[in-house]
Every structure is written in C-alpha cells, then in structure tokens.
A.B. asks: 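Please find one structure pasted underneath; my questions will follow.
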Amino acid sequence: MPAASLPAETRIPVAILTGFLGSGKTTLLNCLLQDPAMAKCLVIINEFGEIGIDHLLVSVPSENMMLLNNGCLCCVLKGDLVETFSGIHVQRSRGEIPWFDRVIVETTGLADPVPVIQTIVTDEDICGNFRLELVATLVDGVHGEAQLGQSAESVKQVAVADTLLISKSDLATAAGLSRLRERLRKVNPGANILDVHQGQIPLDSLLGGEARDTARNVEEIKRWQQLPQGHALHEHWDAHAGDRHDPQLLTFSLSYEGQIRRSAVALWLNMLANFLGADLLRVKGILNVEGEPVVIHVVQTIVHEPTVLSQWPSDDRQSRIVFITRNIPRSQIEKTLEVFAVGESSVTSGPGLAIDPEVYANFAKLAKNFMH
C-alpha cells in the first residue's frame, strides 16, 4: 500500500515506561508531567508501583482516578488492563473525566513488560482506540551493569525497548558508563540510548506523534545498517535468585537481497510468532516489500502492524533485520528466510497480505523442517 494512501492515525498514543527497581522512574515521570505538552496526558500505574505522585494530587474525579495539578490524570490500576483501557475510553467519550490525548503506562520494577505490550497491541477492545507509540526502559547508570548480570527481568526490559534511558549518569564513573553502554548495545543494538539528568530529558526526544515515530524508525534502521553482516553477540546472566536458570541471550542481524512479496512477509511473520514467539525477545527491521521500505516489529508472539516509510532512509535497498532471541541460533533463523522465496510463484491478487492454499502448504512444510 503506498504511504500516501495510508489513513491519518487517530488512535491515542500509548507509551510504556519500564525499568528495574530504583532506576529512577518516579523522578523521570514526575519531570515529564511538568511539561505543558503533557497537560492532557493520562498515566496508568500499578497499585503497588513505586511512583510517588501524592504531592501532585488535586482531587479525585472518579474511582481510581486522580487529577494532577497540571491537568494530567492518573489511573491507579487495580484490575485488568483491558478493563482499565476500555473504561478510560468510555469515560473520556462521555466527558466523565478530563479529555486526554496521550497515555503513559508505568510498569513495576520487577515486571515483565511483554504482557502489557501484548495486551495493548493485540486486544481488539484496546487497539481499535489506542496505539503503542514507545517502549522506554530506564537503566540505573550506577547499578545497571550489575543488574543485567543478575536479573533476567532487567535484561528483558532492555531487550524489548525502543529507547534506553540511562539515569544517575552524574553519579557513575566514565569507565562504568562506557561499559554499561557497551553492554546495552550488545543486548539491544537497535535501541536509541539517551542520558537522563536528575529526571530531566527533552520531551520531544521521547514522544512526538507519527512524525517522531517515523524519525525514530529511520534512526534505528541507520544503526542496524552499520552492524556488520552476521553480527552476533552472546550475553549471559547469573541465576542467583532461587533456582532460576535462564537460557542464552543472542543478538544478531540478517539481510536479504531482492524484493519480497507481501504474501511472503505475512507467512514469515506468522511463522516467527507461532513457532518461535516465546523465545523471540525482539525482532525489528526494514524489508524491501515489492520496492517499498516496510518496518516490521515483533515482540515474542506480538506482531506489530508493519509501517510503510515514505522513503528509503539510504541508498541501501536490501532487507535488514535485527534479532534478540533466547537460545535461538542465527542458523535457525536463517532457514526461515527461505519463506521469502516461497511466496514468489503463487500469490493471490489484491492489496492485502493474502495467502493462498498452495503457498501456505509450502510454508507449513518449511516450518516443520526448520523446527528440527
């Protein structure tokens, strides 16, 4: 579908803020909420979360809903996330709560952010009215390196992020920060890494609508294109907590020459999500889909809606994808790229990512083979 024909985005953007215990999410969120541009923001926090916003409260307009002194709303999450999103959208439409044009979801420090991402992206009651704009992970500049070595949760928070924010950089040594950045780049080579000084960071470096989303995609792609072909890094973390034993984390990039049929993209994304999803922490890349630059993004079983860029970010027209996996080797993923050729000979007509029976049968055989 040509970029010019894409409808204007009307869904409410949602940003997820995550980070390990003590990383500074309280300070960061409070500073963000002081920006006038956030006056119509709604914040969803866990009932047992660490964010201290009591000093910002003015009144309680409805159950579990707090009005902050700059016009923002804060929703204390006590039940199901789907019910919460459905409820705030109905209340907004009826005028029962102040109008909001943005949502920030804060996850607790020990939380796995993937279920939250999955709910926002895949639940029909949510994704029809809301869209995931950003996943930002705050990393402690002093203790972050040690936490990555001790906690599987902190590694996963880093792996699924679009943007990594390093806090307390003024308290860390230059050598320590250099090691931390190197470690973060190994875990998530496509993410943007920014410093946060006492909770302060320019709002437009994080949020900014579709134009900002596109620019962020382009910047990520440029970083991926600088990675050497076959780039592979190995990460391990210690299982000190209880008897937890986490598998190896692998990061690598692959490229594919030539154009790819839309039907083949659909086959491949479904293959990844259905057969390998539990061990795919993140897949993001740019594909040459029938000549158009299409950004794809997968988090475990969650397949984000592909985004068509208005133009290629560089003269390079090859497809390039970065993978962050749990114990899935590069060789196994390479086999899945054969699906791109499967869709060449038999593709249904029409604008969608259609799949005809013959192509799917070939896909099923290939999927069975690469699983062994």
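Quick caveat: nothing in here was measured; it's all calculated off a predicted structure.
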A.B. asks: Take Ile321 and Val283, measure what side-chain contact (heavy atoms from CB on, under 4.5 Å) needs, and give me the verdict at the end.
C.D. replies: CA-CA 7 Å; Ile321 317 115; Val283 179; 3.5 Å; yes

A.B. asks: What are the two closest heavy atoms between Leu138 and Gly24, and how far apart are they?
C.D. replies: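 Minimum heavy-atom contact is CD2-C, 3.1 Å.
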
A.B. asks: State, to 0.1 Å, how close Val303 and Ala273 come at their nearest heavy-atom pair, and which atoms those are.
C.D. replies: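 Distance-wise, the nearest heavy atoms are CG2-CB, 3.7 Å.
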
A.B. asks: Apply side-chain contact (heavy atoms from CB on, under 4.5 Å) to Phe20 and Asp140, showing your working.
C.D. replies: CA-CA 8 Å; Phe20 205 64; Asp140 190 316; over 6 Å; no

A.B. asks: Using every non-hydrogen atom in the two residues, find where His297 and Asp162 come nearest and quote the distance to one decimal.
C.D. replies: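 Smallest heavy-atom distance, with atoms named: CE1-OD1, 3.7 Å.
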
A.B. asks: Which residue, Arg320, Gln259, Glu257, Gln318, forms the side chain to side chain contact (heavy atoms under 4.5 Å, CB included) with Asn288?
C.D. replies: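 The side chain to side chain contact (heavy atoms under 4.5 Å, CB included) with Asn288 is passed solely by Gln259 among Arg320, Gln259, Glu257, Gln318.
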
A.B. asks: Count I, L, V, M, F, W, Y as connected when their side-chain heavy atoms are under 4.5 Å apart, and connections chain through other members. Are Leu171 and Val196 then in the same cluster?
C.D. replies: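 Shared cluster, no.
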
A.B. asks: Quick one: does any side-chain atom of Lys25 pair with a main-chain N or O of Leu17 as donor and acceptor, under 3.5 Å?
C.D. replies: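 Such a contact is absent between Lys25 side chain and Leu17 backbone.
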
A.B. asks: Can you check whether Ser167 reaches Leu28 side chain to side chain, under 4.5 Å on heavy atoms?
C.D. replies: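 They are not in contact (no side-chain heavy atoms under 4.5 Å apart), so the answer is no.
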
A.B. asks: What is the distance from atom OG1 of Thr119 to atom CD1 of Ile126, rounded to the nearest 0.5 Å?
C.D. replies: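 Between atom OG1 of Thr119 and atom CD1 of Ile126 there are 6.0 Å.
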
A.B. asks: Starting at SG of Cys41, measure out to CG of Leu29 and round the result to the nearest 0.5 Å.
C.D. replies: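 So the SG of Cys41 and the CG of Leu29 are separated by 7.5 Å.
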
A.B. asks: Side-chain heavy atoms under 4.5 angstrom apart, residues restricted to Ile, Leu, Val, Met, Phe, Trp, Tyr: same cluster for Val90 and Ile88?
C.D. replies: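 Different clusters: Val90 never reaches Ile88 through Ile, Leu, Val, Met, Phe, Trp or Tyr contacts under 4.5 Å.
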
A.B. asks: Taking the side chain from Arg185 and the backbone from Ala191, do they hold a donor-acceptor pair closer than 3.5 Å?
C.D. replies: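 Here the side-chain-to-backbone pair exists.
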
A.B. asks: From Leu287 CG over to Leu269 CG, what is the distance, rounded to the nearest 0.5 angstrom?
C.D. replies: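 The CG atom of Leu269 is 7.5 Å from CG of Leu287, to the nearest 0.5 Å.
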
A.B. asks: Would you say that Leu148 contacts Leu180 through its side chain, given a criterion of any heavy-atom pair below 4.5 Å between the two side chains?
C.D. replies: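 A side-chain contact exists here, since the closest heavy-atom pair is under 4.5 Å.
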
A.B. asks: Going hydrophobic residue to hydrophobic residue with side-chain gaps under 4.5 angstrom, can you get from Val142 over to Leu184?
C.D. replies: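 Cluster IDs for Val142 and Leu184 differ.
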
A.B. asks: Minimum heavy-atom separation for Leu254 to Phe323, with atom names?
C.D. replies: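 Between these two residues, the closest heavy atoms are CD1-CE1, 3.8 Å.
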
A.B. asks: What distance do Glu145 atom CD and Leu177 atom CG have between them, rounded to the nearest 0.5 Å?
C.D. replies: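 If I round to the nearest 0.5 Å, the distance is 10.0 Å.
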
A.B. asks: Evaluate the ring planes of Phe130 and Phe85, with Trp represented by its six-membered ring, and classify them as parallel (under 30°), tilted (30 to 60°) or perpendicular (over 60°).
C.D. replies: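 Correct class here is perpendicular.
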
A.B. asks: Are the side chain of Arg92 and the backbone N or O of Phe100 linked by a donor-acceptor pair below 3.5 Å?
C.D. replies: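 Flag set: sc Arg92 to bb Phe100 pair under 3.5 Å.
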
A.B. asks: Got a second to check how far Cys31's SG is from His197's NE2, nearest 0.5 Å?
C.D. replies: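 It is 12.5 Å, given to the nearest 0.5 Å.
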
A.B. asks: Say whether, by atom type as modelled, one donor and one acceptor occur between the side chain of Asn129 and the main chain of His89 under 3.5 angstrom.
C.D. replies: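 Checking the backbone N and O of His89 against the side chain of Asn129, no donor-acceptor pair under 3.5 Å is found.
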
A.B. asks: One pair to check against side-chain contact (heavy atoms from CB on, under 4.5 Å): Thr18 and Val116. What are the steps and the verdict?
C.D. replies: CA-CA 11 Å; Thr18 187; Val116 178; over 6 Å; no

A.B. asks: Taking side chain as C-beta onward, heavy atoms only, is Val103 less than 4.5 Å from Val14?
C.D. replies: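 They are in contact (side-chain heavy atoms under 4.5 Å apart), so the answer is yes.
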
A.B. asks: Which value, rounded to the nearest 0.5 Å, describes the distance between Leu164 atom CG and Asp195 atom CG?
C.D. replies: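 Here the rounded value is 11.5 Å.
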
A.B. asks: Heavy-atom distance under 4.5 Å between the side chains of Asn270 and Phe275, does that happen here?
C.D. replies: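 No, their side chains stay 4.5 Å or more apart.
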
A.B. asks: What's the shortest heavy-atom distance between Thr137 and Val158, and which atoms?
C.D. replies: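 Heavy atoms of Thr137 and Val158 come nearest at CG2-N, 4.1 Å.
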
A.B. asks: Could you tell me if the side chain of Val265 sits less than 4.5 Å from the side chain of Val294, heavy atoms only?
C.D. replies: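 Val294 vs Val265: side chains apart.
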
A.B. asks: Are any non-hydrogen side-chain atoms of Thr325 and Gln332 less than 4.5 angstrom apart?
C.D. replies: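 Counting from C-beta outward, Thr325 and Gln332 never come under 4.5 Å.
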
A.B. asks: Please report the closest heavy-atom contact between Ser86 and Asp125, naming both atoms and the distance.
C.D. replies: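 Heavy atoms of Ser86 and Asp125 come nearest at OG-CB, 3.9 Å.
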
A.B. asks: When you look at Val289 and Val308, which way does the side-chain contact (heavy atoms from CB on, under 4.5 Å) test go after all the steps?
C.D. replies: CA-CA 9 Å; Val289 181; Val308 182; over 6 Å; no

A.B. asks: Do Leu42 and Val82 sit in the same hydrophobic cluster, where Ile, Leu, Val, Met, Phe, Trp and Tyr count as joined when their side-chain heavy atoms come under 4.5 Å apart?
C.D. replies: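 As far as the 4.5 Å side-chain criterion goes, Val82 and Leu42 are connected within one cluster.
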
